[in-house]
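Data block below; observations after.
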Amino acid sequence: MRFFFAGLALLGLLSTLTLSAEEQVFPPGAAIHPLCFDQLLSGLTGDSPFSPVTCDGMPGKYPVFIFPGQDAADLTYTAQRITEEGYSRGFIAYAVAGHWPSKTGNDKWTLFEVTAANGFGNLRSSIWLLLQPQGNRVVKPLLYVPGGDRCNDGALRVSEVGSDRLVFLSAATPFRLLNPTRLSEWRLFMQQHAANQNEQASNNQPPFMDWKPYLDVANDAGACAGGIIKSYNFKTDTLDVLGVRIDPGAFVSAQQGTKQACINSWLKAQDRFSKDGVQDLDLDEWGAMLRTLEPACAQR
């Protein structure tokens, strides 16, 4: 499946803030109803995944809740997913990262940060760019950036939009921060490792120091320790990793894994993290630091 759509021309810089509180408002004045993303997600599995979708109005039966943030423009819109039998099966929520008018002025581009909960604790994140003609409920997806579940590459947040790229942050566990450029589905790694242990080595790139997620290094979906800074290029349709964001306090609070205590001690000893606060590092700086981790914890 093609996850990205190239050839866009966006301008400006955008950011969104943390959302809190709850207030039911209807009609919400939202860009689209949150449950429209169920229709868009279903469309991705079809023969034409980027075809226009007519979003249902869904008035009354599916009320929209608004979560206000620090200012009037900082809002999240959410609605419950309800089965035909009337049971709740999670929710869809989104925040709007930005709007751009089209050249004709008859429609607009809207960038969304979306969270989809399935009712079983899974919170999948994604970024969408939709073309919205004015005066009707038809939307056309132009860009879909899939994310993961919570601290496992979830909680996608847009940090910059330029003429040729989208820069965003995905949440990361300590294990993922040790493996920022390895884009494997690590939740399936241990299952694949067990299946292949008596066979030839897999073609997948092994993790840093061959330390396993969960067993050696914390990788629980709730163990957020920072994030991975990524860039999607509209013109070349490529995804690159620019660096990492380290939250030292959150990182060293992780306890899962046989190597985690040693890794935490190593992080505390780094001058870069002697001051409190979140730190952004490019890949070269982080890679140089990780090279000192190898001798510090390899035999522990």
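Here the structure is a predicted model, which is why all the values come from computation and not from measurement.
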Residue set satisfying salt bridge (charged side-chain N to carboxylate O under 4.0 Å, His left out) with Asp282, at least two apart, ordered chain then number -> none

Not counting sequence neighbours, which residues clear salt bridge (charged side-chain N to carboxylate O under 4.0 Å, His left out) with Arg150? List them please.
none

In short, Cys297 meets Lys259 closest at the heavy-atom pair O-NZ, 3.2 Å

Sorted by chain and number, sequence neighbours left out, side chain to side chain donor-acceptor pair (under 3.5 Å) with Gln255 holds for none

Residues clustering with Val278 (ILVMFWY side chains joined when closer than 4.5 Å, directly or via others)
none

Donor-acceptor under 3.5 Å (Thr292 side chain, Ala288 main chain):
no

In the structure I gave you, are the side-chain heavy atoms of Cys55 and His33 within less than 4.5 Å of one another anywhere?
no

Run the side-chain contact (heavy atoms from CB on, under 4.5 Å) test on Phe175 and Asn152 for me, step by step, so that the C-alpha distance in whole Å, both residues' side-chain angles and the decisive distance to 0.1 Å come before the verdict.
CA-CA 9 Å; Phe175 177 82; Asn152 287 312; over 6 Å; no

Return the CD1 to CZ distance between Ile228 and Arg182, rounded to the nearest 0.5 Å.
11.0 Å

Does this structure show an ion pair linking Asp237 with Lys235, if we count only N-O contacts that are shorter than 4.0 Å?
no

Determine whether Thr238 and Asn233 satisfy the following criterion, side chain to side chain donor-acceptor pair (under 3.5 Å), listing intermediate values before the conclusion.
CA-CA 5 Å; Thr238 55; Asn233 190 298; 5.1 Å; no

Looking only at non-hydrogen atoms, find the nearest pair between Glu113 and Ala97 and report the distance.
OE2-CB, 4.2 Å

If the condition is side chain to side chain donor-acceptor pair (under 3.5 Å), which residues does Arg272 pass it with, not counting sequence neighbours?
Gln279, Glu285

Non-hydrogen side-chain atoms of Leu178 and Pro207 separated by less than 4.5 Å:
no

Taking only residues two or more places apart in sequence, or in another chain, which ones meet Ala218 in a side-chain contact (heavy atoms from CB on, under 4.5 Å)?
Pro174, Ala254, Gln256, Gln260

Sequence-distant partners of Val114, side-chain contact (heavy atoms from CB on, under 4.5 Å), two or more places apart:
Phe37, Ile92, Tyr94, Phe112, Ser126, Trp128

Measuring from Tyr144:OH to Leu129:CG, what's the distance to the nearest 0.5 Å?
14.5 Å

Taking side chain to side chain donor-acceptor pair (under 3.5 Å) as the definition, give me every residue that meets it alongside Glu85, ordered by chain and number, with sequence neighbours left out.
Thr83

Looking only at heavy atoms, the pair that brings Thr45 and Ser42 closest together is OG1-O, 2.8 Å

Results of side-chain contact (heavy atoms from CB on, under 4.5 Å) for Ile82 - residues two or more places apart only
Tyr62, Gln80, Ser88

Stepwise side-chain contact (heavy atoms from CB on, under 4.5 Å) check, Met209 with Val217:
CA-CA 11 Å; Met209 292 293 293; Val217 186; over 6 Å; no

Closest contact, heavy atoms only, Pro34 versus Val64:
CD-CG2, 3.8 Å

Point-to-point distance, once rounded to the nearest 0.5 Å, from CZ of Arg165 to OG of Ser231:
4.5 Å

Among residues at least two apart in sequence or on other chains, which ones pass side-chain contact (heavy atoms from CB on, under 4.5 Å) with Ser125?
Leu156

Measure across Ala296 and Cys262 and return the closest heavy-atom pair with its distance rounded to 0.1 Å.
O-SG, 3.6 Å

Residue pair Leu111 / Leu166, side-chain heavy-atom distance below 4.5 Å:
yes

Just how far is it from atom CG of Leu239 to atom OH of Tyr232, taken to the nearest 0.5 Å?
9.0 Å

Single-linkage hydrophobic cluster, 4.5 Å side-chain cutoff, Leu35 and Val96 together
yes

Leu142 side chain near Phe50 side chain, heavy-atom distance below 4.5 Å:
no

Does any part of the side chain of Met289, heavy atoms only, come nearer than 4.5 Å to the side chain of Leu281, both counted from C-beta?
yes

Looking at residues at least two apart in the chain, or sitting in another chain, which of them share a side chain to side chain donor-acceptor pair (under 3.5 Å) with Asp220?
none

Sub-4.5 Å side-chain heavy-atom contact between Gln39 and Val139:
no

Using side-chain contact (heavy atoms from CB on, under 4.5 Å), reason through Leu130 and Leu40 one step at a time and then give a plain yes or no.
CA-CA 10 Å; Leu130 303 181; Leu40 289 162; 3.9 Å; yes

With rounding to the nearest 0.5 angstrom, report the CG to CH2 distance, Leu143 to Trp109.
11.0 Å

So which residues get pulled into Val167's cluster when ILVMFWY side chains under 4.5 Å apart are joined, directly or through others?
Leu169, Ile229, Leu242

Which distance, rounded to the nearest 0.5 Å, do you find between the CG of Asp240 and the NZ of Lys230?
11.5 Å

In this structure, which one of Leu293, Asp216, Val252, Leu177 forms a side chain to side chain contact (heavy atoms under 4.5 Å, CB included) with Ile263?
Leu293

Apply side-chain contact (heavy atoms from CB on, under 4.5 Å) to residues Trp286 and Ile246 and explain how you reach the verdict.
CA-CA 10 Å; Trp286 183 233; Ile246 306 294; 3.9 Å; yes

Tyr77 reachable from Leu123 in the ILVMFWY side-chain graph, under 4.5 Å edges:
no

Verify, without hydrogens or angle tests, whether Arg81 (side chain) and Ala117 (backbone) share a donor-acceptor contact under 3.5 angstrom.
yes

Search all heavy atoms of Pro248 against all heavy atoms of Phe273 and return the closest pair with its distance.
CG-CD2, 3.7 Å

